[in-house]
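Quick notes on the structure that follows.
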Number of protein chains: 2
Amino acid sequence: MTVTTSAPKSQRARTATANSITDDLSRAIHEHRLAPGTKLGENDLSEIYGVSRAIVRTALQSLAHHQIVEIQRNRGAFVAQPTSTEAHEVFEARELLEPRTAHAAALKAQQSDITLLTSHISQEHAALDAGDRGRALYLSGQFHLEIARIADNKTITDMVKVLVARSSLIIALYWQRESAICESKAHHALIEAIAKGDAGRSQELMQSHLVDLHSALNLHKMPAAVNNLKQILMG
Amino acid sequence: MTVTTSAPKSQRARTATANSITDDLSRAIHEHRLAPGTKLGENDLSEIYGVSRAIVRTALQSLAHHQIVEIQRNRGAFVAQPTSTEAHEVFEARELLEPRTAHAAALKAQQSDITLLTSHISQEHAALDAGDRGRALYLSGQFHLEIARIADNKTITDMVKVLVARSSLIIALYWQRESAICESKAHHALIEAIAKGDAGRSQELMQSHLVDLHSALNLHKMPAAVNNLKQILMG
DNA sequence: TTCTATGAAATTGTATACAATATTGCGCAC
DNA sequence: GTGCGCAATATTGTATACAATTTCATAGAA
């Protein structure tokens with residue numbers, strides 16, 4: 001089937017670039033439309049995006065470096081399946097980085113930053129109301145990322161980005177479904193503290209929020225569904 | 001001057017793989033044989049390593065993700081030149097990660113780990129005595145990395161690896177040459193604390209060591225030399 | 001001199017062809 | 001029916017050819 005006519009889901013107006021493919025796949029994984037373990041075949045992807053395998057290959061390499069895709073030599077690329085020990089490692093790392101980052105964010109936040117954070121939250125609510133759990137999860141991750149941006153340290157922000165992305169996979173595999181609401185509560189409290197410029201409290205709130213998330217992980221892995229790439233990535 | 005520990009030039013016995021090229025270039029950058037700003041042309045590298053540009057390309061992409069190479073579209077790959085703000089960011093990030101990691105390392109270290117750390121230090125001394133400043137610097141970075149390994153959190157170790165690599169570039173650009181000896185002193189003290197299992201002191205020592213490094217940065221950038229790739233990478 | 005325009009050369013970006021490896025399906029023995 | 005071996009197929013790894021873009025040198029005009 002020819003693809004060139006319309007691109008309903010993603011805005012690949014002319015030709016897809018490695019970066020746009022990376023972003024598209026990254027988003028799909030974040031939103032749990034592509035389950036852990038899903039094979040990302042080079043031929044499939046080059047057909048879907050209408051580019052050569054070379055481009056697809058660099059996109060996959062990029063995702064592999066972001067640790068949300070695993071490339072096995074001579075076998076191909078798969079959506080990563082973090083082990084439970086990796087899951088704990090990721091949250092330990094987040095607990096080292098994000099509380100202090102929230103502290104810094106509280107000191108640097110402008111009014112526009114607060115507005116942005118608030119809008120994130122309301123979007124998150126909207127997604128949940130619409131039953132789009134995947135998108136809500138994505139936005140919740142973006143919220144953490146936004147705080148790192150406010151703290152204005154690109155190096156740390158990049159690391160948080162990777163950790164948040166992996167967290168999305170971890171949640172897909174090890175989550176017990178309840179605590180979606182707690183999340184939202186914790187985020188509200190964080191915004192308040194940051195808006196007040198209360199750095200100490202921001203740091204504490206972030207810390208306990210992460211500990212909550214961490215301890216909400218279930219030890220045994222959920223079975224990973226297998227997806228149909230074309231169906232999911234194209235409209 | 002042959003370096004006895006690893007293969008004289010680089011161990012590409014048969015054909016170089018993308019990974020071996022990545023490692024080789026990474027090492028060369030760490031040891032300051034390739035200066036910040038040096039152009040890494042695809043043709044040059046494919047000649048040097050005897051592989052196609054495709055392989056070289058994936059190696060360069062990998063280095064770019066490790067942030068020690070910058071790829072500019074349609075212009076090529078260059079050894080990265082961190083700005084002074086990036087330099088500060090990197091050390092801020094290290095100050096968040098490494099002290100707590102040293103703490104964990106002190107609790108988990110085995111006798112074999114202590115031996116390894118000690119051998120690292122003595123190699124470092126040997127390199128300094130031999131006047132090989134670049135190699136000493138590389139080993140000093142590996143020391144920090146080894147501590148992260150002992151703490152046994154691969155996620156954090158990977159992040160530290162990237163930060164240490166960038167630090168090497170930062171030192172090449174912003175260093176005032178004196179404090180090589182202080183480094184060595186601080187490392188000795190750290191080993192001692194870790195060997196004793198004194199987690200609190202290990203954390204403190206690592207913290208102040210990083211602060212020292214951070215404050216030893218000079219604000220204005222040194223001029224970056226331009227190198228001849230073939231001359232440096234081949235014998 | 002200094003700046004700009006312009007075209008040749010060099011370099012990177014992309015697609016494709018072929019080689020190496022892994023996967024799949026089938027026939028056959030047990 | 002189950003397991004094994006082997007050929008057929010599919011997929012990834014690598015090299016190469018061509019297109020697009022940048023770089024460099026040169027010439028000419030203000």
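A note on names: the letters A, B, ... follow the listed sequences, proteins ahead of strands, and every chain is numbered from 1. Hydrogens, waters and symmetry mates are skipped; everything else that's a heavy atom, side chains included, is used.
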Inset, instruction - Answer yes or no: is there a side-chain heavy-atom contact under 4.5 Å between B:I21 and B:V51? - result: yes
Legend entry - Pair B:D23 + B:R27: basic N to acidic O under 4.0 Å: no
Inset, instruction - Please report, rounded to the nearest Å, how far the P atom of D:dT11 is from the CG atom of A:L60. - result: 14 Å
Legend entry - Protein-nucleotide distance (B:D44, atom CG; C:dA10, atom P), rounded to Å: 12 Å
Legend entry - Residue B:I55, side-chain heavy atoms: nucleotide from C:dT14, D:dT14, C:dT11 that is nearest: D:dT14
Inset, instruction - Take atom CD of B:E47 and atom P of D:dA15, then tell me their distance rounded to the nearest Å. - result: 14 Å
Legend entry - Parallel, tilted or perpendicular, as decided by the 30° and 60° cut-offs, for the rings of B:H65 and A:H65: parallel
Inset, instruction - Among D:dT14, C:dT12, D:dT12, find the nucleotide with the atom closest to the side chain of A:E42. - result: D:dT12
Legend entry - Integer-rounded Å distance: C:dA15 C1' and A:N43 CG: 13 Å
Legend entry - Whole-Å distance separating the CD atom of B:Q61 from the P atom of C:dT14: 11 Å
Inset, instruction - Report the nucleotide, chosen from D:dA15, C:dA17, C:dT12, that has the shortest atom-to-atom distance to any side-chain atom of B:R53. - result: C:dT12
Inset, instruction - Give the ring-plane orientation class for A:H209 versus A:H187, where under 30° counts as parallel, over 60° as perpendicular and anything between as tilted. - result: perpendicular
Legend entry - Heavy atoms of other groups near B:Q72 CD, more than 12 under 6.0 Å: yes
Inset, instruction - Name every residue in residues 67-79 of chain B that has at least one heavy atom under 4.0 Å from any atom of DNA chain D, in order of residue number, or write none if there are no such residues. - result: B:N74, B:R75
Inset, instruction - Measure the shortest side-chain to side-chain distance between B:H66 and B:S26 over non-hydrogen atoms and say whether it is less than 4.5 angstrom. - result: no
Inset, instruction - Determine: side-chain N/O of B:K39 to OP1/OP2 of C:dT12, distance under 4.0 Å, yes or no. - result: yes
